[in-house]
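Everything quoted here is computed from the prediction, not taken from an experiment. Note: hydrogens, waters and symmetry copies are ignored here, and every other heavy atom, side chains too, is used.
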Amino acid sequence: QPTPQYLLLKTLAAYPLRGEGFFYMRNLREYTELLLIATRDVANAEGWAPVYDFAIRMRRAGLVKDPPLVSAQVWPDKAQIKELLKLYPLPKMLLFLEIAKKGRKDYGWSYGARKKDAVVDALKEMPFEWHELQAIKYPTTYRDILRMLHPKPWVDEINRLWRWVVKKGDAPTDKTKAYEEAVKASSPADAVKKAIEADLPWEVIRSRIGKLDAIPNELLFNAAAKLMGPFDIAMQASILTERLGKDSVEYLVRRRGRIPLSAGARAAIGLAVQGRQEVANAFFEKAQLGKEEFNKLLPATPKRVITLIDVSGSMQGARILAAARVLLPFTKVFEKAYVFNSGIEGIIKQIQLSSLNDYLGLLNMPDDGTPLYDAIQKTITEERLGEDDLLFVLTDEQENASKAPITALSNIKTWVVLGVVAPYPVDMILKNPETRAIAYPASDPDSFIASAQLVTAKKLIESEGIVEISKLLPPIALQAV
């Protein structure tokens, strides 16, 4: 059986996103139970402090979303729950309470003062500007939390804001007044003008606007320049390019910092497929993770990182597109790239994967069968990969052409991260506890980072030889990706 430390990291950090399968588990309930068991088992072995620290650091780095809210349901320390909740927006605080309420029946945990007080304490430590923004963005959520907790306002400005939230008072600040005016605006264009005047974030008003067609181009550009963040621009990349032209969108992209990895990769490939190469290249450049940045996120630094991509027939369409989106942010991390299928002479073939055009070429390659196990073995052999190297495999795991069985992988010494772009990946760890390969749902780039953290923890993946959870991550503060 895998160690509790392995199971905690896998369920907490390398978890499936958007319901794309739950590893070897049948459903969300089983996934939740395993996460809770692993949380308690690690705490019994090492104490609660490493569990708190690990979950909070992973959340602070932006590598996990909801799972810590589940793990925290069994945390005994209210102060640590509070520190975790402070890293989330208001809807996630409400989710924490809803999980607690539902779990009282399903799992037998408490839904009492400790958890409610932790939420109230977290709210008290957030600055007024945070409360103001959350009230504007999520008025219904804020109202629900107030009705669940009945907290007492600690200062007058919070009292006036809460009265506005529950519709018993007037808008107390310039921003809340501007928000009301934007909501009541006679047209989407007027709503955008109000938002620009008050410097309201784009995410506050985008649901009020609907389609962007009703906004004149000049006003749309001003909104993109003044209100939209990098994520918003990436998600609106196609329509912004169509409306504003490539030069304007390139300007908007290049004046930003890094584009979030997943959104940037999606925008780059989507625009490239549409033939908008210059704008796509701007997103491509802004969505890259440097090799040193990548290494800082791992508990042990691999000497070499090689990628191996399944281009068999079953990867056609959405699966090879998903693989390209996961791979793209790590272009500077990979030393070499290989593809494989049963029609390739020698099973594997090295390809160039350094530009956006290379990724477009990848989309047209899928054909023939899937000799997955043979391809892994051959890549390791030909590249002479050792125990300090990392092989990143993208596949749908539809093995149907290997001569070697999966048991042949039990002798490999190289770290292997198997990113599966199909539902319900087979977890190779549980098939062969001795192997150094791990499978996970390749839903986005962050999932690869989390799985690389897991597999480079060395003895963590073994059924014997426990590595403490407190030693899994580097001592430096994780940098948000």
Is it the case that the side chains of [Y] and [X] hold a donor-acceptor pair, with the cut-off being a distance below 3.5 Å and no angle test?
X      : Y      : answer
Asp444 : Ser262 : no
Glu83  : Tyr52  : no
Ser312 : Asp310 : yes
Asp396 : Ser314 : yes
Thr395 : Glu397 : no
Thr379 : Glu382 : no

### Query
Of Gln350, Arg304, Lys378, which is the lone residue that meets side chain to side chain donor-acceptor pair (under 3.5 Å) with Glu383?
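Running side chain to side chain donor-acceptor pair (under 3.5 Å) over Gln350, Arg304, Lys378 with Glu383 returns exactly one hit, Arg304.
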With distance as the sole test, does [X] use its side chain to make a donor-acceptor pair with the main-chain N or O of [Y] at under 3.5 Å?
X      : Y      : value
Lys286 : Arg256 : yes
Glu293 : Gly290 : yes
Thr331 : Leu328 : yes
Asp368 : Ser342 : no
Ser402 : Leu372 : yes
Glu242 : Ala237 : no

### Message
I want to check something: taking the side chain as every heavy atom from C-beta on, are Leu390 and Val416 in contact at a cut-off of under 4.5 Å?
### Response
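No, their side chains stay 4.5 Å or more apart.
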### Message
Measuring only between side-chain heavy atoms, which start at C-beta, is Arg243 closer than 4.5 Å to Leu212?
### Response
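Sidechains of Leu212 and Arg243: in contact.
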### Query
Do Leu391 and Ile376 pass the side chain to side chain contact (heavy atoms under 4.5 Å, CB included) test, and can you show the C-alpha distance, the side-chain angles, and the key distance before you say yes or no?
CA-CA 8 Å; Leu391 178 63; Ile376 291 174; 4.1 Å; yes
#### Entry: Test: Lys303 and Glu387 ion pair at under 4.0 Å
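Between Glu387 and Lys303 there is no salt bridge, as every charged N stays at least 4.0 Å from the carboxylate O atoms.
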### Message
Between Lys413 and Asp389 (salt bridge meaning N to carboxylate O under 4.0 Å), is one present in this structure?
### Response
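No.
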### Task
Walk me through it: do Lys92 and Asp66 pass the test salt bridge (Lys or Arg N to Asp or Glu O under 4.0 Å)?
CA-CA 8 Å; Lys92 296 302 183 183; Asp66 295 352; 2.8 Å; yes
### Query
Which pair of heavy atoms, one from Phe283 and one from Gly264, lies closest together, and at what distance?
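The pair with the smallest heavy-atom distance is CB-O, 4.0 Å.
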### Query
Knowing that exactly one of Leu34, Ile37, Thr39, Asp41 qualifies, which makes a side chain to side chain contact (heavy atoms under 4.5 Å, CB included) with Leu8?
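Running side chain to side chain contact (heavy atoms under 4.5 Å, CB included) over Leu34, Ile37, Thr39, Asp41 with Leu8 returns exactly one hit, Thr39.
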### Message
Show, in sequence, the C-alpha distance, side-chain angles and deciding distance for Val393 and Thr307, and conclude whether the side chain to side chain contact (heavy atoms under 4.5 Å, CB included) test is met.
### Response
CA-CA 6 Å; Val393 186; Thr307 186; over 6 Å; no
### Task
Decide if the gap between the ring center of Phe448 and the ring center of Phe294 is smaller than 6.0 angstrom.
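Ring centres of Phe294 and Phe448 closer than 6.0 Å.
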